[in-house]
Amino acid sequence: MPIRMTDDPQDQQDNSNDSGGGGRSNFPGGGGGGGGLFALLPLLLGLFRGKGILLLLVIGVGAYFLLGRGGGGCNLAQMAQLATGGFLDPRQFEKANIYEPLAEDDTKNPLPESANLQKFAPAVGNQGEQGSCVAWSSAYGARTILESARTGQSGNALRFSPSFLYNQIGLQGCQGSYIIRAMEYMTKQGSVAYDKFPYTDQDCTRPPGSDLIQEAGEFKMRGFNRLSQGDRTDAIDLRAIKENLAQGAPVVIGMMVGPSFMQPMQGRDLWEPEQGDESQMGFGGHAMCVVGYDDRRHGGAFLLMNSWGPEWGNNGFAWVRYRDFRIFVREAYGLEPMNKVGAAANQPFECEIGLVPVAEENGRMVSKGYVPLRHNSQNVFETVSPMQPGTRFKIEVKNSTECYIYVFGKETDGTSYTLFPYPSKEDPTKTKYSPFCGITGYRLFPKDKSMTPDSIGKRDVMAVVVSKEQIDWHALNEQISRNPSSDYASRFDNALTRKLIRDVKFDHTGNGNIHFNAGGADNQMVAFIIEVTK
């Protein structure tokens, strides 16, 4: 294909930097927690169906002492203290689409020293004896915060039911669940108010009625992303978590916790691991909601909302230092910000896009200015000067409003192919990467790959779509590929004709980038062609 993707060198950045995106795994084989006998607990519960509970307890206690960190699910030895219930498995974490972070450039993307969403949170509840932390952190915590931030109503007035969610996603035996199950359900099915399906820790099997299932559809979540360093499941991206929090998006985490995180934390503001905690011997997985961060507090820390009542921590909240967060957190999911209501919903649809050449320096890809573009006609642009085959470049996007970005390319035979979100090699209809640019600012993408023109022909053609809503990129690419002998730009325009915003004002920035402002048009998309001369 004329423009192809090439892998960037693996980032050799120092993960000891507490404010950056680190990640360290104590899981054998490099995973993030999810092996051991506890990963089999749901299966064992289903097999025994309560008849061999003594044997199951023996297995659980044996795993506690022999395996130490196991699979992070509802550690039976700890259930006598405080219930957990987060099953942490890198194979589940890998299913979530990868968030494309903002460029790590403090001049273009300065992060505030602190951010706090606690004012949007409901009063902290207590999961009691049930392993329902995933539902408490996801529905009661994060989803409520998201809705409160969107509408301006108080979290206590909006709080969503953890039981409604947990009773439909819980694993057998009320022992816990995977966080991604909660994310998927809230996105596809929705949530209901707490008062309409009140919580009890004595029942996890009562199904909601069809009326509530239908009502939940009114509160579907927009989506979610995996906040990891690229396609790694053993390295959480701390900066990505900060980016989400700074723009009002809560984050749900799966964290390995042990005895020092439980009763000793009553009335305390900061968790300080005890000697030996880093081995995570006997620890279990627990899901919580991250509601803030502060670079100065305790030397830099995240603020967590728990589900063990107001007695734990400071009214149910506690700080965890960046260093400890990196060591003990195995999974992190960012909830996509929701469409605002009122005046905030009428922002202009505006974006700046450019091509940035990059080169490898000390194991990292470094930007080398811009490739100036000029306006040819209508929505067609071309490079001012030829680009040498083999030159690596990325696309820079600066968006001030939420959008989705898609990039397509013209093949040598005239058909079309998808450049971003780049398709899976195993299944070309799917991707691991999220096209969502809901956390606004500058981003260079793809983060861990670069685009490269080859030596075939004198001109390569790319098509860029900036959309207010998600699109079926595979179906669109298939449609553009029809009639490959006809003009690529015309095919592209015809495929999107019903959704394109027609009164788009294109202009240039000082560095030769493309800028557009589409106003508040009802249609959903802006699309344009970039021709790369070689």
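Note that the numbering runs from 1 along the sequence shown for the chain. What you are looking at is a predicted structure, and each value in this text was computed from that prediction instead of being measured.
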Not counting sequence neighbours, which residues clear salt bridge (Lys or Arg N to Asp or Glu O under 4.0 Å) with [X]? List them please.
X: Glu396; answer: Lys108
X: Arg491; answer: none
X: Asp413; answer: none

Please check: side-chain N/O of [X] versus main-chain N/O of [Y], any donor-acceptor pairing under 3.5 Å?
X: His508; Y: Leu373; answer: yes
X: Thr84; Y: Gly86; answer: no
X: Asp427; Y: Ser424; answer: no
X: Lys410; Y: Ala463; answer: no
X: Thr383; Y: Thr533; answer: yes
X: Arg443; Y: Glu100; answer: yes
X: Lys394; Y: Pro446; answer: yes
X: Arg226; Y: Lys95; answer: no
X: Asn116; Y: Gly292; answer: no
X: Glu243; Y: Ile439; answer: no

pair [X]-[Y]: side-chain heavy atoms closer than 4.5 Å:
X: Phe302; Y: Val329; result: no
X: Asp294; Y: Trp319; result: yes
X: Ser307; Y: Met288; result: no
X: Ser138; Y: Tyr185; result: no
X: Trp473; Y: Val465; result: no
X: Pro435; Y: Phe445; result: no
X: Phe492; Y: Phe408; result: yes
X: Ile253; Y: Leu304; result: yes

- Message: For a salt bridge (Lys or Arg N to Asp or Glu O under 4.0 Å) check, start with the C-alpha distance between Glu402 and Arg222, then their side-chain angles and the critical distance, and finish with the verdict.
- Response: CA-CA 12 Å; Glu402 300 166 4; Arg222 187 170 191 169; 2.4 Å; yes

Salt bridge check, [Y] against [X]: does any charged N sit closer than 4.0 Å to a carboxylate O?
X: Asp8; Y: Lys449; result: no
X: Glu147; Y: Arg150; result: yes
X: Arg323; Y: Glu278; result: yes
X: Asp105; Y: Lys398; result: no

Distance, nearest 0.5 Å, that separates [atom1] of [X] from [atom2] of [Y]:
X: Thr107; Y: Tyr442; atom1: OG1; atom2: OH; value: 9.0 Å
X: Asp237; Y: Arg232; atom1: CG; atom2: CZ; value: 10.5 Å
X: Met387; Y: Asp460; atom1: CE; atom2: CG; value: 9.0 Å
X: Glu382; Y: Ser377; atom1: CD; atom2: OG; value: 9.5 Å
X: Arg330; Y: Met256; atom1: CZ; atom2: CE; value: 5.0 Å
X: Leu500; Y: Asn379; atom1: CG; atom2: CG; value: 8.0 Å

Taking all non-hydrogen atoms of both residues, which atom of [X] and which atom of [Y] are closest, and how far apart?
X: Glu469; Y: Tyr404; result: C-CD1, 3.5 Å
X: Asp295; Y: Pro112; result: OD2-O, 4.2 Å
X: Pro337; Y: Gly438; result: CG-O, 4.1 Å
X: Val134; Y: Ile179; result: CG1-CA, 3.8 Å
X: Met5; Y: Leu419; result: CE-O, 3.0 Å
X: Ala103; Y: Arg239; result: O-NH2, 3.6 Å

- Worked verdict on Thr6 versus Ser450 for side-chain hydrogen bond (donor to acceptor under 3.5 Å, both in side chains): CA-CA 5 Å; Thr6 57; Ser450 298; 5.0 Å; no

- Task: Test side-chain contact (heavy atoms from CB on, under 4.5 Å) on Phe325 and Tyr293 and set out the steps.
- Result: CA-CA 11 Å; Phe325 189 93; Tyr293 72 88; over 6 Å; no

- Task: Walk me through it: do Ile327 and Gln280 pass the test side-chain contact (heavy atoms from CB on, under 4.5 Å)?
- Result: CA-CA 10 Å; Ile327 292 172; Gln280 299 181 28; 4.0 Å; yes

- Task: Take Ile180 and Phe224, measure what side-chain contact (heavy atoms from CB on, under 4.5 Å) needs, and give me the verdict at the end.
- Result: CA-CA 9 Å; Ile180 193 169; Phe224 63 95; 4.2 Å; yes

- Can you check side-chain contact (heavy atoms from CB on, under 4.5 Å) on Asp277 and Phe261, steps first, answer last? CA-CA 10 Å; Asp277 276 358; Phe261 197 79; over 6 Å; no

- Query: Does atom NZ of Lys534 have more than 12 heavy-atom neighbours, drawn from other residues, nucleotides or ligands, at distances under 6.0 Å?
  - Reply: yes

- In this structure, are over 12 heavy atoms from other groups packed under 6.0 Å from Gln470 atom CD? yes

- Matching residue for Tyr433 among Tyr99, Tyr422, Tyr406 - test: ring-ring contact (aromatic ring centres under 6.0 Å, His included): Tyr422

- Note on the structure: Only one of Phe381, Phe516, Phe528 passes ring-ring contact (aromatic ring centres under 6.0 Å, His included) with His375, and that residue is Phe381

